[in-house]
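Reviewing the structure listed below.
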Amino acid sequence: MSRHSVLITRMIPEKAVAYLKEQCDVEVNPHDRPLTKDELLASAKGRHAVMTMLTDPVNAELMDAVGPQCKIIANYAVGFNNMDIAAATERGIFLSNTPDVLTDATADMAWALMLAVARRVAEGDKVTRAGQFVGWSPLYMLGPEVSGKTLGIVGAGRIGQATAKRAIGFNMKVVYTANSPKPDFEKATGAAYLPLDDLLRTADFISLHVPLTPKTKYLISEREFGIMKKTAILVNTARGPVVDEKALAKALQTGQIWGAGLDVYEREPIVEDALLGLHNAVLAPHLGSATFETRENMGFMAANNILKALGGEVPPQCLNPEAAGKR
Ligand code: GLV
Ligand code: GLV
């Protein structure tokens, strides 16, 4: 039997590519950038499987360009808001994502941002490099204490729960909102369930961990900033459009909240102009899963989903097992 043909739309860690190459013919996008739409449609054509990035629109047009021999499109990401699940199911194409392997890395990033904003790490670094550090001073660059405060977790899935667990070491009180209360999580962390508005009123740190769906778009907008504490710090490691970026910039400018740490943006890689000049925003370039270990593990997981689907099985991290009935 001839080997299956697989496209990977960006360079990923070499070991994961090598793993896939043991069994398949693999082509990797040679450019250090996303493929343009035309390049993606052309290079995906005729493949049995495609490994896509969160920057690739995985829609009906792509699926039709790949062709009916395609068994799976495996996202190299936990988020799958770039994928049209209904279109894939209709065509009998499996979709998969990479949960679990990036949970700790992303929770660490949420903490990096919380600490950086509260303790003014990025702002201080800039001042120091500019030669403006003139010596220790009792009232210089103060920020809110992190330990002992209340952390609000919006979306207590895998990453939200991992972020909450880290708060135990900071003696923080944890409140959370989710589609339904989670007793095991409450037992493990002492977290208390609150409706979103009550969480926003109560929390000193608010960390977003919901997937992007039509229901979570602009979940945090002008009204929500209006009910947060003036001392609140908002952190977003989920997806940019969960926050209304213009409303956020205004809330930061007017002192409606104290600070924000962002890893994701509404129109990536474009960042709202008004945010760029704000000293109380820490802006990271979508690095949530960006550790050596995690990016390699994401590669193995996506590769394994591809191999399983090519072998005629439902892949382990399948987003639409119902596609099996459509083949
Ligand atoms: C990163 O944002 C991911 O969804 O994996
Ligand atoms: C600070 O550096 C202190 O010693 O209190």
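Start at 1 and go down the list; that is how both ligands and their atoms are numbered. Position 1 is the first residue of the sequence, and the numbers go up from there.
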### Summary of side-chain hydrogen bond (donor to acceptor under 3.5 Å, both in side chains) pairs that have at least one residue in residues 181-196, sequence neighbours excluded
Y176-E186
### Task
Check whether the side chains of H4 and Q23 place a donor and an acceptor atom closer than 3.5 Å, and report yes or no.
no
### Task
Please determine, by modelled atom types, if Y218 and E266 share a side-chain donor-acceptor pair under 3.5 angstrom.
yes
### Message
Contact between R201 and K229 at the side-chain level, heavy atoms closer than 4.5 Å - yes or no?
### Response
no
### Query
Hydrophobic clusters join Ile, Leu, Val, Met, Phe, Trp and Tyr when side-chain heavy atoms are under 4.5 Å apart, directly or via other members; which others share one with V58?
L7, L35, L40, L41, V50, L62, M63, V66, I73, F80, M83, I85, I93, L95, L319
### Query
Hydrophobic cluster mates of L139, side-chain heavy atoms under 4.5 angstrom, ILVMFWY only, any path?
L142
### Query
Exactly which residues line ligand 1, taking a heavy atom under 4.0 Å from it as the test?
L54, A77, V78, G79, L102, R239, H286
